[in-house]
Amino acid sequence: MTNIATSVPLPGPLGWIADRPWVVFAVCAMAAVGLGIAAVVLQGDSVPEPPDIRIDERGRTLDDAIVMLDRRSGLWRRDALVSAGVALVRGQSRPTVVYGLPGSGKTILLTQIAKECRSDFRYGICLAFDGYQVEDLGFVLHQLNRFLAGFGRAVDDQDLQQAPRPATLRQMTAELQGIGILVLIDGLHLADATTQAALLGALRGLDGVKVLAASAERLTPNLDASTLHVPELSPEEYREFAHRVAEVFDLRIDVDNVLDKLPDVVRAHPRTLEMTLGYLKDLPLELLPVGTASDSRLVQHMLGSLEAPAVRALTRLSLFHGSDITATITYAGEASLRGLEDELGLLLRRALIDRVQPTIAVPTVVATNLRAVHAATVREETATVTAALTGIARTWLAAHRDLSPLAEVLAAVVHNLARVEAWSDLLELCDLAVLEELSRRGRWDAYLAMAKLGVRAAVATGSVDMEVELRLRIARKLVQLGSFEDAEASLALAAARLGDGDTAVHAHLTSHQGLLALMRGDLESALRSYEKSMRLAQAHGEQQLLVIVSKQLGHVYERAGRPGDAWRAYEWAAAHSGEDSKDHWESLVNLALMDAKNDRFDDAADRIDRAVRGMADSGYDAGIARANLAYAQIALARGNRELALGLVRQVCATGAANVRVVELAAAMLRDLETPE
């Protein structure tokens, strides 16, 4: 995801933005905003292109990369730190990690170092850990594979889905060798320790690959990285910085007098100092509390001076932290949560919110102290936003409207509700029907993030049934994504909460255990689990589960060399599922592929055609790409190369909901476009 429309950094004076908010909104409306983790390409001159590979250069310039992190990096510069960072990147094979306290300017330093290194690297990837994206390593894998696809080096779909994710990560990063690339990682501390170790370990020592990361915490020694500490501002530095900010903000105040009245904890940190000076744009210096040694006390004073509409707007913005600003205003308006845009100018001028290009960001120091100063308003607005978004989602579901455009907003709000431990509101947003629709539409990133946070909320509120349900859903999706160890852990926790028994929930548990065994190639264990699940499902009248288990048993039989049993299992699932259900269409696809293996191409084409029509009519995006790809494989086996080519192109053009299928389709497309 590249942000071409916003490739030019915001103008320096925030007042200019505040006077022209709709200019910013218009730019943001054109912005292409995807997951918080983004892959883009840096272009320079020093490393030649890999031979005999067609490279898609669209949106992969240096400016496209830098804009993903650039937060007014031209405002001010600490030359010694920039030079030290450049020297580490150029002279060390180990990752370079810039670390310092929140608000110390790490991200700005990261972009400034990257700009100085543009002659050393032709390409680069930007991975930003923020918001709900940090919940799963899959974000990194997807973005890396999209980047590699432009070089004809994407990992095979089967590997990406079924191999353990750390192994897949190592395989994918190995494909970066020889390209000449700088990997930028922001917010590394937000990733868990396992992800940090896996990512840095996979990138270390690769020929032509360097890593530059920012972290709020110093990494543990076992991660083996070169570090650059971002210290507090010295007196000379904070005076220089304050005068520069005053110039940008057009402040007509005695800057040195202000600095003399501020505690060290405020003036020594760029983020808090900028916020304080922004506060003074409209207010006299006498309103600042003096003699305090706490930046929290100062921020609380600023927040306490806000009028009620501004407090409500800031609270809503903190709940939408990490969302695309245009989408947020759109959905807030649809839910009658108006007033966000009216207060945006004031909040910008006071530096209480950060980077509206392209997402909303409320600094942690603001969000934390907002709850301390305006607890009642935060509680009220949290409930209001939750009810509004839940209402929108349910209305869209009732109208059979695609929930995909709402996925990132829902996931971001759920993540922010977890930050403030609003567990009941969080569970309300994790509506099972909404989660199911996100899964159907292929929005597995948002689905997994919401489900994982939902488990935390269920545990906090003592909702055992919901906890088990979500753990099973998480396990199933992780199995589909190839994260077998994590899936096994999720199933083990669900089993521990359930205890021994033969309930309907146990039937679902054993079906998930069967799926995990099947994907690991343990056919005997899979068969035992599925047979037990089927017995329990029959005893409890779980018809849909019977269909799912029969469909999965078909895969077991097929892999075990029992095609007759496989056929009967698929056929039973197709016959006993509703003709407008995803299980029915998936069973048709399975039968069609078996038809094709036995040269019954007319029957195969008929089944695939019915499956594709059904999926398309119902909006089952997560399945239609796979069905069309199967259709292409059947057409190719039948000798119809032209039809196969058209179908594969269609998958590549419209199947973005299922990234892995698209990548496999892209590989098939390259083969089909190669002259025979």
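None of the values given here were measured: they were computed from a predicted structure.
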Under 3.5 Å donor-acceptor, [X] side chain and [Y] backbone:
| X | Y | answer |
| --- | --- | --- |
| Ser533 | Tyr530 | no |
| Thr390 | Ala387 | no |
| His374 | Ala308 | no |
| Arg440 | Ser618 | yes |
| His512 | His508 | yes |
| Ser529 | Ala526 | no |
| His321 | Val362 | yes |
| Ser305 | Met302 | yes |

Give, for atom [atom1] of [X] and atom [atom2] of [Y], the distance between the pair rounded to the nearest 0.5 Å.
| X | Y | atom1 | atom2 | result |
| --- | --- | --- | --- | --- |
| Leu403 | Ser439 | CG | OG | 12.0 Å |
| Thr272 | Met275 | OG1 | CE | 5.5 Å |
| His506 | Asp500 | NE2 | CG | 6.5 Å |
| Asp186 | Thr107 | CG | OG1 | 3.5 Å |
| His415 | Leu410 | NE2 | CG | 14.5 Å |
| Leu435 | Arg473 | CG | CZ | 6.0 Å |

Which pair of heavy atoms, one from [X] and one from [Y], lies closest together, and at what distance?
| X | Y | value |
| --- | --- | --- |
| His584 | Gly578 | CB-O, 3.1 Å |
| Pro363 | Ile353 | CD-CA, 4.2 Å |
| Gly454 | Cys430 | CA-SG, 4.0 Å |
| Thr173 | Arg170 | OG1-O, 3.1 Å |
| Ala457 | Leu426 | CB-CD2, 3.8 Å |
| Leu303 | Asn369 | CD1-C, 3.6 Å |

Legend entry - Partner of Leu319 under side-chain contact (heavy atoms from CB on, under 4.5 Å), chosen from Thr382, Asp425, Thr386: Thr382
Legend entry - Qualifying residue for side-chain contact (heavy atoms from CB on, under 4.5 Å) with Leu188, from Leu200, Thr195, Val211, Leu127: Leu200
Between [X] and [Y], do the side chains contain an N or O donor and an N or O acceptor separated by less than 3.5 Å?
| X | Y | answer |
| --- | --- | --- |
| Ser581 | Asp583 | no |
| Arg218 | Tyr99 | yes |
| Thr315 | Arg312 | no |

Legend entry - Gln538 CD: over 12 foreign heavy atoms closer than 6.0 Å: yes
Legend entry - Atom NZ of Lys532 with >12 non-hydrogen neighbours under 6.0 angstrom: no
Inset, instruction - Evaluate the criterion side chain to side chain contact (heavy atoms under 4.5 Å, CB included) for residue pair Leu352 and Leu306; output intermediate values, then yes/no. - result: CA-CA 11 Å; Leu352 292 172; Leu306 294 175; 4.0 Å; yes
Legend entry - Side-chain ion pair, Arg394 and Glu437, N-O less than 4.0 Å: no
Inset, instruction - Using a strict cut-off of less than 4.0 Å between a Lys/Arg side-chain nitrogen and an Asp/Glu carboxylate oxygen, indicate whether Arg441 and Glu436 qualify as a salt bridge. - result: no
Legend entry - Residue list, side chain to side chain donor-acceptor pair (under 3.5 Å) with Gln196, at least two apart or on another chain: none
For the residue pair [X] and [Y], establish whether any side-chain heavy-atom pair is separated by less than 4.5 Å.
| X | Y | answer |
| --- | --- | --- |
| Val505 | Asp465 | no |
| Arg456 | Leu453 | yes |
| Ser511 | Ile548 | no |
| Arg535 | His540 | no |
| Trp444 | Leu478 | no |
| Glu428 | Asp431 | no |
| Glu542 | Leu546 | no |
| Leu553 | Met534 | yes |

Legend entry - Step-by-step side chain to side chain contact (heavy atoms under 4.5 Å, CB included) determination, Ser318 to Val366: CA-CA 9 Å; Ser318 70; Val366 173; over 6 Å; no
Inset, instruction - Quick one: list whatever passes side chain to side chain contact (heavy atoms under 4.5 Å, CB included) with Ala495, sequence neighbours left out. - result: Leu509
Legend entry - Residues which pass side chain to side chain contact (heavy atoms under 4.5 Å, CB included) with Ala458, listed by chain and number, not counting sequence neighbours: Leu427, Ser463, Met466, Glu467
Inset, instruction - Kindly indicate, with the supporting measurements, whether the criterion side chain to side chain contact (heavy atoms under 4.5 Å, CB included) is fulfilled by Leu516 and Phe484. - result: CA-CA 7 Å; Leu516 176 59; Phe484 300 148; 3.9 Å; yes
Legend entry - Leu389 vs Phe320, side chain to side chain contact (heavy atoms under 4.5 Å, CB included): CA-CA, chis, key distance, verdict: CA-CA 11 Å; Leu389 283 179; Phe320 286 103; 4.1 Å; yes
Inset, instruction - Applying side chain to side chain donor-acceptor pair (under 3.5 Å), run through Ser215 and Lys106 and close with a yes or a no. - result: CA-CA 8 Å; Ser215 172; Lys106 299 180 299 297; over 6 Å; no
